[in-house]
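Have a look at the structure below before the remarks.
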Amino acid sequence: MKNGIFIISLDLELFWGVRDVTDLEAYGESILGVRTSFPKTINLLDEYKVCATIASVGLLFFEEKSTLMKELPSLKPKYVDEDLSPYPTLENIGKNEEVDKFHFGKELISCVSSNHEIATHTFSHYYCLEPGQNKDEFEQDLVGALNIMKKCGLKCTSIVFPRNQINPDYLDVCARNGIIAYRGNPKSWIYRASEARQESLIKRFLRLLDSYINITGRNIYGIENLTQHGLINIPGSAFLRPYNSRLHLLEKLKVYRIKRSMLMAAKKNKIYHLWWHPHNFGLNQEKNIQLLTNILEYYKELNKLYKFQSSTISDTAEVILKLKTKDVRN
């Protein structure tokens, strides 16, 4: 690559990323906050001419319950933990987006400008490593997501796996359905894809600590070894943790860690990939928008100094594929 690449990806999931009603009560205000924070985020990205990959759950592409119920995949995941499946709860959702802001997201998706890529976050927020589900069920889910996107006039070529549960055995399913890229995980064991019961407190604590102190390295990437099972793996570099009043004294450390990694990527012509969920900005919106503005201002500086370029997951994958094809020919 001639220049470094800056990637932003957002996992748009609303209620569908929540495990149970208790969690909904705990995170309800954050989820509703997406209705105002997400358009602000898109407008801010557009202002700084930064493109993003918005990975949306397929269930959010509907405005009406009646339409949604007609588009469900024929095979549904049979998780051992039945609380992981959204399907038993569908009968209880509201009739449309106007009355139910937790389960419908067509209005949010429509505010995404053409500067950005809309990727799939699977149809049902599908967990690829949880016990009970299988490859055929995953393919039905993926096809369902791609079909509803196609009906909305969108061509999808990238995927972000829910909870970052990347199952290598499922990547060929993605490839034969037109997906060319996905967001992978950093190399450190603390970010290794695993089912929920393997998510130990020590791993979660170390990931939190890594957001403020450099434990796992810069997590920037060249194009070498990014091809996995026929797809381009664009690993995440860091999760952008939202403002937390209890950790406000550490905010400068968090931003410094991100900026140092961005600088290294810009200088060394590498990829830096920042991601978060829109509901992370649902609370403390002013603080979070200020945080993002700070990062985008720094991107602007790096763009001028080192020609650091903003890109989406799919566009970056296209560049890598072209370079690899060129190398083979030479």
**Request:** Mark yes or no for whether Tyr79, through its side chain, and Tyr127, through its backbone, hold a donor-acceptor pair below 3.5 Å.
**Result:** yes

**Item:** Under-4.0 Å salt bridge between Arg163 and Glu199
**Value:** no

**Prompt:** Short question: side chain of Asp169, backbone of Lys135 - any donor-acceptor pair under 3.5 Å?
**Reply:** no

**Asked** Is any side-chain heavy atom of Ile93 closer than 4.5 Å to a side-chain heavy atom of Phe15?
**Response** no

**Whether Gln285 side chain and Gly33 backbone form a donor-acceptor pair below 3.5 Å** = yes

**Request:** Could you tell me whether the side chain of Thr89 and the main chain of Pro86 form a donor-acceptor pair under 3.5 Å?
**Result:** yes

**Prompt:** Are Tyr243 and Leu283 connected in a single hydrophobic cluster, I mean Ile/Leu/Val/Met/Phe/Trp/Tyr linked by side-chain heavy atoms less than 4.5 Å apart?
**Reply:** no

**Request:** May I ask you to decide if the ring planes of His125 and His121 are parallel, tilted or perpendicular, using 30° and 60° as cut-offs?
**Result:** perpendicular

**Message:** Please determine whether a side-chain nitrogen of the Lys or Arg among Glu251 and Lys254 lies less than 4.0 Å from a carboxylate oxygen of the Asp or Glu.
**Reply:** yes

**Request:** State, yes or no, whether a side-chain contact exists between Cys174 and Leu142 at a heavy-atom distance under 4.5 Å.
**Result:** yes

**Request:** In plain terms, say whether Arg197 and Asp81 are close enough for a salt bridge, that is, a side-chain N and a carboxylate O under 4.0 Å apart.
**Result:** no

**Message:** Could you check whether any side-chain heavy atom of Phe62 comes within less than 4.5 Å of a side-chain heavy atom of Glu64, counting everything from C-beta outward?
**Reply:** no

**Prompt:** Salt bridge between Glu47 and Lys300, side-chain N to carboxylate O under 4.0 Å?
**Reply:** no

**Request:** Under the side chain to side chain donor-acceptor pair (under 3.5 Å) rule, what do Asn177 and Glu139 come out as? Steps first, then yes or no, please.
**Result:** CA-CA 9 Å; Asn177 283 284; Glu139 182 154 27; 3.1 Å; yes

**Message:** Checking the side chain of Glu117 only, and the main-chain atoms of Asp315 only, is there a donor and an acceptor separated by less than 3.5 Å?
**Reply:** no

**Fill in**
Closest non-hydrogen contact found for Asp141 with Ser124 is OD2-OG, 2.7 Å

**Message:** Parallel, tilted or perpendicular: which one describes the rings of Phe138 and Tyr170, with boundaries at 30° and 60°?
**Reply:** parallel

**Item:** Side chain Gln165, main chain Leu129, donor-acceptor under 3.5 Å
**Value:** yes

**Prompt:** Out of curiosity, Asn147 CG to Cys152 SG, how far, rounded to the nearest 0.5 Å?
**Reply:** 11.0 Å

**Asked** Glu130 side chain to Ala196 main-chain N or O, any donor-acceptor pair under 3.5 Å?
**Response** yes

**Asked** Do side-chain atoms of Tyr299 reach the backbone of Ser310 as a donor and acceptor pair under 3.5 angstrom?
**Response** yes

**Asked** Is the backbone N or O of Thr53 less than 3.5 Å from a side-chain atom of Thr312, with the two atoms forming a donor-acceptor pair by type?
**Response** no

**Item:** Shared hydrophobic cluster, Leu253 / Met262 (ILVMFWY, side-chain heavy atoms < 4.5 Å)
**Value:** no

**Message:** Is it the case that atom CD in Glu297 sees more than 12 heavy atoms from other parts of the structure closer than 6.0 Å?
**Reply:** yes

**Asked** Looking at CD1 of Ile289 and OG1 of Thr36, how far apart are the two atoms once the value is rounded to the nearest 0.5 Å?
**Response** 9.0 Å

**Prompt:** Ile295 versus Leu240: any side-chain heavy-atom pair under 4.5 Å?
**Reply:** yes

**Asked** With respect to Tyr191, which candidate in Asn185, Asp210, Asn219 satisfies the side-chain hydrogen bond (donor to acceptor under 3.5 Å, both in side chains) definition?
**Response** Asp210

**Request:** Could you grab the distance from atom NE2 of His103 to atom CG of Leu59, nearest 0.5 Å is fine?
**Result:** 9.5 Å

**Prompt:** Given side chains that start at C-beta, do those of Val255 and Leu291 come closer than 4.5 Å, heavy atoms only?
**Reply:** yes

**Message:** For a quick test of reading the model, state the closest non-hydrogen atom pair linking Ala317 to Ala181 and the distance between them.
**Reply:** CB-CB, 3.5 Å

**Asked** Does a side-chain heavy-atom distance below 4.5 Å link Leu14 with Val57?
**Response** no

**Request:** Would you please test Arg218 and Lys270 for side chain to side chain contact (heavy atoms under 4.5 Å, CB included) and show each step?
**Result:** CA-CA 11 Å; Arg218 296 297 174 196; Lys270 303 288 187 180; over 6 Å; no

**Message:** With a 4.5 Å cut-off on side-chain heavy atoms, are Asn303 and Gln309 touching?
**Reply:** yes

**Item:** Contact summary for Asn233 and Arg183, nearest pair of heavy atoms
**Value:** OD1-C, 4.1 Å

**Asked** Can you tell me how far CD1 of Ile223 sits from CD1 of Ile320, rounded to the nearest 0.5 angstrom?
**Response** 6.0 Å

**Asked** With a 4.5 Å heavy-atom cut-off, do Ile258 and Tyr272 have their side chains touching?
**Response** yes

**Asked** Parallel, tilted or perpendicular for Trp276 and Phe281, by the 30°/60° rule?
**Response** parallel

**Asked** Rounded to the nearest 0.5 Å, how far apart are OG1 of Thr122 and CZ of Phe161?
**Response** 9.0 Å

**Asked** Could you give the distance from CG (Leu90) to NZ (Lys76), rounded to the nearest 0.5 Å?
**Response** 8.5 Å

**Request:** Measure from the side-chain N and O atoms of Gln133 to the backbone N and O of Cys128, and report whether any donor-acceptor pair falls under 3.5 Å.
**Result:** yes

**Prompt:** When you look at Val160 and Ile313, which way does the side chain to side chain contact (heavy atoms under 4.5 Å, CB included) test go after all the steps?
**Reply:** CA-CA 10 Å; Val160 172; Ile313 290 177; 4.3 Å; yes

